[in-house]
Number of protein chains: 2
Amino acid sequence: MEEAAVHAERDDIDEKVIARLVDDARTTYADIGDELGLSAPAVKRRVDRLREVGVIRGFTAVVDLDVLGWRTEVFVEIYCAGKISSDDILSTLERHPEIADLCTVVGEPDAIVRLLAADTQHLEAALERIRSEPLVLRTRSTVVLSRLLERPRA
Amino acid sequence: MEEAAVHAERDDIDEKVIARLVDDARTTYADIGDELGLSAPAVKRRVDRLREVGVIRGFTAVVDLDVLGWRTEVFVEIYCAGKISSDDILSTLERHPEIADLCTVVGEPDAIVRLLAADTQHLEAALERIRSEPLVLRTRSTVVLSRLLERPRA
DNA sequence: GGTGAAAACGAAAGCTC
DNA sequence: GAGCTTTCGTTTTCACC
């Protein structure tokens, strides 16, 4: 029941602290505290604990890939040959820098990958590189037209 | 050619500043400056400009959904009836809080959605709610086993 | 969880190349 | 235009209650 223990350690105030940091990772502890009726050190202690426990994994900048010039985004379903472990999938695919997301799935494919590339030429090269991996049997790609909604946490 | 101008305004140093902030949004300007041989105010001016231009859209906390108790993640392909606009898709689907990502695609489905739910019961309810939308003809779901890799920027 | 002081950081000004 | 240094207000952080 150690999982229950982890959950028991979080309360409503933690939820609000998390929500505030998801909204803006640079919010000051004092500002969060004002909204919640806590002092800045009290908020910091909660954030420190949430990071230690692993609820908060880190803080990152949200980059507009379109502005950056990385305009091409594709979902690629990966179909593998025979029985493969997720370790194998990770070790063979993590070398490709165009992969933004990778997860193993239950369903028809073995894994789903989100590919980011500068343009279609770049995309084609990356796809061919991935397809040439011995592990990969075949792929099914779906090109993204536009990203309508993005909510890091629902 | 204003788009080209935007691109011309970014140089190698900007790239490194962005990379550093993607890695940790709470890195101080001084730390970034030390790595790049700049002073803190110089770094701040770059970050301010990158935010104004829109390359950096904001800063967010990365939350471990598994630890939070939202254990169920699914990719859902949405197939719509006839010709629909992306505005229609957004307005009908954005009301469902379980949707974490939504993009229109070119391929067999019309849109791909990433669903987050607390458990399978929650997931089932959300899926039925989405399927009952008049806009939605059919769906194809792929349940995520484990998220192996996550790189906000490649 | 709060308080207060010390250290670190961020914001803005003036100056140099 | 881009950067450096100084200055000052704010934030973080740590002790202790």
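Within every chain, numbering begins at 1; the chains are lettered A, B, ... in the order of the sequence lines, protein sequences first and strands thereafter.
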Heavy-atom check, side chain of B:D23 versus side chain of B:R20, under 4.5 Å: yes
Close side-chain approach of A:L123 to A:V74, heavy-atom, < 4.5 Å: yes
Nearest whole Å is fine: how far is [N] [atom2] from [X] [atom1]?
X: A:I32; N: C:dG2; atom1: CD1; atom2: P; answer: 14 Å
X: A:D24; N: D:dT11; atom1: CG; atom2: C1'; answer: 15 Å
X: A:L21; N: D:dT12; atom1: CG; atom2: P; answer: 10 Å
X: B:L38; N: D:dG3; atom1: CG; atom2: P; answer: 6 Å
X: B:R45; N: D:dC4; atom1: CZ; atom2: C1'; answer: 9 Å
X: A:Y29; N: C:dC9; atom1: OH; atom2: P; answer: 13 Å
X: B:L36; N: D:dC4; atom1: CG; atom2: C1'; answer: 16 Å
X: B:D48; N: C:dA13; atom1: CG; atom2: P; answer: 13 Å

End-to-end axis angle, where each axis spans five pairs of the helix from C:dG1-D:dC17 to C:dC17-D:dG1, to 10°: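 The value is 30°.
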Closest listed nucleotide, where the reference is the side chain of [X] and the choices are [options]:
X: B:T28; options: C:dC9, C:dG1, D:dC14; answer: C:dC9
X: B:K44; options: D:dT11, C:dA11, C:dG1; answer: C:dA11
X: B:A42; options: C:dG4, D:dT11, D:dG3; answer: D:dG3
X: A:S39; options: D:dG3, C:dT3, C:dC9; answer: C:dT3

Sugar-phosphate, base or nothing in reach of B:G33, heavy atoms under 4.0 Å: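 Nothing: the residue B:G33, judged by heavy atoms under 4.0 Å, touches no strand.
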Spacing of A:S141 atom OG and A:R131 atom CZ [to the nearest 0.5 Å]: 5.5 Å
Gap separating the CZ atom of B:R45 from the CG atom of B:L50, nearest 0.5 angstrom: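 The CZ atom of B:R45 sits 13.0 Å away from the CG atom of B:L50.
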Donor-acceptor pair present, B:R49 side chain and D:dG1 base, under 3.5 Å: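 Flag unset: no donor-acceptor pair detected.
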Toward the 5' end of DNA chain C, by each residue's nearest nucleotide, B:R26 or A:I13: A:I13
Closest approach of B:R95 to B:T92 (non-hydrogen atoms, all atoms of both residues): NH2-CA, 3.3 Å
Residue mapping more 5' on DNA chain D - nearest nucleotide basis, A:A40 or B:V43: B:V43
CA sep, side-chain torsions, deciding dist, call: B:T120, B:T72, side chain to side chain donor-acceptor pair (under 3.5 Å): CA-CA 7 Å; B:T120 46; B:T72 313; 5.9 Å; no
Ion pair B:D11/B:R46, N-O distance below 4.0 Å: yes
